[in-house]
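Only one structure is covered here, and it is reproduced in the block below.
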2 protein chains.
Amino acid sequence: MTAPLHETRPSGAARALPDTQRGMRRRNLARVLHAVSAEGSLSRAAVATRIGLTRAAVSTLVDELIRWGLLEELGPERPGRVGRPGSALTVSGRGPAGIGAEIGVDHLAVCAVDLRGAVRARAVRHTANRGRAPGPVVEELTELVRQVVAEAEREALWPAGLAVAVPGLVARDGRTVVRAPNLDWHDTDLDPLLPGDWPLTVDNEANFGALAELWLGDGTARDFLHVSAEIGIGAAVVVDGGLLRGTRGFAGELGHVPVRPDGPPCPCGGRGCLEQYAGEEAVLRAAGLKPREDMVGLLAGRAEQGDASVRAALRDAGTALGIALTGAVNLLDPETVVLGGALAGLSPWLLPALEAELTGRTAGPPCPVTVSRLGPEGPLLGAAHSVVRGVLDDPAVVAERS
Amino acid sequence: MTAPLHETRPSGAARALPDTQRGMRRRNLARVLHAVSAEGSLSRAAVATRIGLTRAAVSTLVDELIRWGLLEELGPERPGRVGRPGSALTVSGRGPAGIGAEIGVDHLAVCAVDLRGAVRARAVRHTANRGRAPGPVVEELTELVRQVVAEAEREALWPAGLAVAVPGLVARDGRTVVRAPNLDWHDTDLDPLLPGDWPLTVDNEANFGALAELWLGDGTARDFLHVSAEIGIGAAVVVDGGLLRGTRGFAGELGHVPVRPDGPPCPCGGRGCLEQYAGEEAVLRAAGLKPREDMVGLLAGRAEQGDASVRAALRDAGTALGIALTGAVNLLDPETVVLGGALAGLSPWLLPALEAELTGRTAGPPCPVTVSRLGPEGPLLGAAHSVVRGVLDDPAVVAERS
DNA sequence: CTATTTCGTCATGGCCGTTTACAAATTAGT
DNA sequence: ACTAATTTGTAAACGGCCATGACGAAATAG
């Protein structure tokens, strides 16, 4: 099953091209590819009306995309209406693929996604990475990457780029991990450690998770708040189909929004930050449990069994989340709030208090809160898809590369 | 003195044009005009290198803009370097003008701004509009508009559009006032009431104030939070040189961010909203004063004289603002926070507590807080400039109009 | 006074989407 | 079954637009 790609308009890169004839051509190639990708299957005439060019122009654009191996002709459509049936076009299932990788505290994962959005190869390995040096970890990851790439190549795919999701803060250069507390990495440039055969992007796993929700989630929302709690509590802000990164790349620090200004002190210097109420440690302490791996499973299991103190701890966390989110919603007026990552698994016990707080504090119709169905797969898929989006946004690059 | 226009890239409208040769031409015309506008005076060759086109292409674009009366030739530049000196180009001081208007609770104002950004005509009238019906108010405003337009036309300017700033919530259609509590207007479509000779835009005065800060402010920041307190407390969020409006147009409701979740109830349904601590009424009550016109002047005067209760009230308001802004800054990581509108005048007494709160609650370098130097003029100037920006973003429209 | 550099313009050329025309393939109507 | 209408995809002519390369003009450097 091919995941539908909701986004229709090219989203950035292609827009930066100079306004010259060549740039125009490149943008139009991207628009054709986007249109077909969004619809799954489309005739030349349908593409033409959809993107506002003439059939003749679209024909030459399609020819070029077919020559590059990015589009395929499926043959005549089943005619439902009068007139000659169009010839269906589809994004090719062979050719460039996006390689996504994820470095977690207790696992490594890699996958390959084709232009259609389908996962075509994957590899996972469970390893305890907490406190382990970057060198060996990335070496092990590289092994998985080579494995996945080999598997993809057997299916006539070639890697168009590598995107790595890490549980920490990443510099805006998209290469160096500034700080990953759970791994104990600081200012580590991953570029020299990874295979340099393809373009590399490194980003926060929460950001990739939010992008996955944008591109693969159920809704078609282009403005939402994606809240996740892997390292701290982060909220990726998606505005008009793009990630808001902030001037220093620090946007989305929901964990340090003040919830009770006179509350307990926080390492950040403030008092009563959200993380003091809904952070991993805080919830465990409130529930009377000791830290260990697979926190989420533990909490969910106990809550399922009816453990009163765990339920109370989660309810209080939901309340705190609701207060912080009320502020965020008032400020940004998003279409929805999406709970992802660890929060998705705990949502049954968080949501009631969270929504009570959110609706109680809003005058008009409250902002709907949904739960991501991507679960823990989000960041990995988002990473792989970010590479695919790059190709969709500027198909001409693959021509230069082959 | 001509105000510098910081923004260089076209910011929206022109980007939506179809990617056809005609659209490309229009975008390039806009880029040339933007380049000259941003620099004040530029030669053809300088424009060419700046926007990435050849000198030949820029020549034809400039010719067209001169023919339309949007650019003027100033003659040869003073040669500082080797080589033939260029011929300086400037944005024309005649031709299209933006007409900005403001409806306040105690005044009406209109001004005309030319393409250079200079105010060329203005008219102000003090009237008590609180609770007055839209009809008579707009009629009086229309009179001022006609006056300003006549004055502008004597200077060889013609109105390219009318933008009206109102103290209330405006629908996304840019025509109807949904709710203006201080005027007691509800769902009023201003379009039929205003002279229909030119394109009309209506928007919240806080939004126009933020845009004025973006276009005319000291900094060149493209990402900031502009906080103002005219009706309630609003924060306009500027991201990448554009206003974040939210899905329903309600973004920026800083006044209802929870500051103390168990605080006093707020009409919005919540408890302890910022407005309960830093809103007009709350500050007056805390200072032991009764509501009347010119709140800001009153408070500033008393604080200046050393009135302890007023100073305490303002300090507490500053603290509450600081708490709410800490949340916003953590979420958005803006370049700066700008205090505008009424807050600018009260900043000497608000800032210390506000900044203490903001720096105390942030780990890294705190987000700098600045005070707008535009003062109460902001919304009016922003409105007029928004029309000018429209011309700069797509100069071809004026050719169709004349 | 000459060589060099830079500016603005002109003619040429190539690229690209549009326009117009036409053949192919299907449905609707008789 | 046959014709008319409709829609699709392609081909050729057209026009617009930017790039290229060359040239004269106007300044500086030596």
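Throughout, protein chains are lettered first and strands after them, A, B, ... in sequence-line order, and every chain is numbered starting at 1. No experiment lies behind these values; they were computed from the predicted model shown.
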Practice task
Give a yes/no answer on whether the side chain of A/T20 brings an N or O atom under 4.0 Å of OP1 or OP2 in D/dC18.
Solution key: no
Practice task
Verify the contact: side-chain N or O of A/R44 to OP1 or OP2 of D/dT10, cut-off strictly under 4.0 Å; return yes or no.
Solution key: yes
Exercise for the section: Taking the side chain as every heavy atom from C-beta outward, state whether B/E151 and B/R154 have any atom pair closer than 4.5 Å. Expected result: yes
Problem - Contacts of type side chain to side chain contact (heavy atoms under 4.5 Å, CB included), residue A/A383, not counting sequence neighbours - result: A/A163, A/F208
Completion exercise
salt bridge (charged side-chain N to carboxylate O under 4.0 Å, His left out) filter on B/E64, not counting sequence neighbours, yields B/R25
Problem - Short N-O contact, B/E39 and B/R50, less than 4.0 angstrom - result: yes
Problem - Those residues that, when tested against A/E153, pass salt bridge (charged side-chain N to carboxylate O under 4.0 Å, His left out) (two or more places apart) - result: none
Handout entry: Contacts of type side chain to side chain contact (heavy atoms under 4.5 Å, CB included), residue A/A251, not counting sequence neighbours
Key = A/L244, B/D333
Exercise for the section: Please list, chain by chain and in numerical order, all residues satisfying side chain to side chain donor-acceptor pair (under 3.5 Å) with B/T90, sequence neighbours excluded. Expected result: none
Restricting both atoms to N or O, compile the protein contacts to nucleotides 25-30 of chain D shorter than 3.5 Å, with distance only.
| unit_1 | atom_1 | unit_2 | atom_2 | d |
| --- | --- | --- | --- | --- |
| D/dA26 | N3 | B/R84 | N | 3.3 |

Handout entry: side chain to side chain contact (heavy atoms under 4.5 Å, CB included) partners for B/E73, two or more places apart
Key = B/R44, B/I66, B/S87, B/L89
Practice task
State, to the nearest 10°, the angle formed by the axis through the first five base pairs of the helix from C/dC1-D/dG30 to C/dT30-D/dA1 and the axis through its last five.
Solution key: 10°
Handout entry: With sequence neighbours excluded, residues passing side chain to side chain donor-acceptor pair (under 3.5 Å) with A/S386
Key = none
I'd like a table of atom pairs between the protein and nucleotides 1-4 of chain D - only N or O on both sides, under 3.5 Å - with the distance next to each one.
none

Fill in the blank from the handout: Taken in chain and number order and not counting sequence neighbours, the residues that satisfy side chain to side chain donor-acceptor pair (under 3.5 Å) with A/R373 are A/D218
Exercise for the section: Identify the 5'-most and 3'-most nucleotides of DNA chain C with at least one atom closer than 4.0 Å to a non-hydrogen atom of chain A. Expected result: C/dG14 to C/dT27
Exercise for the section: Inspect the contact between A/D394 and A/R26 and indicate whether a charged nitrogen and a carboxylate oxygen are less than 4.0 angstrom apart. Expected result: yes
Handout entry: Beyond-backbone contact of A/V47 with A/V36, side-chain heavy atoms, under 4.5 angstrom
Key = yes
Exercise for the section: Could you tell me the separation between the CG atom of B/D19 and the C1' atom of D/dG16, rounded to a whole number of Å? Expected result: 15 Å
Completion exercise
A/M24 CE to D/dG15 C1', in whole Å, measures 13 Å
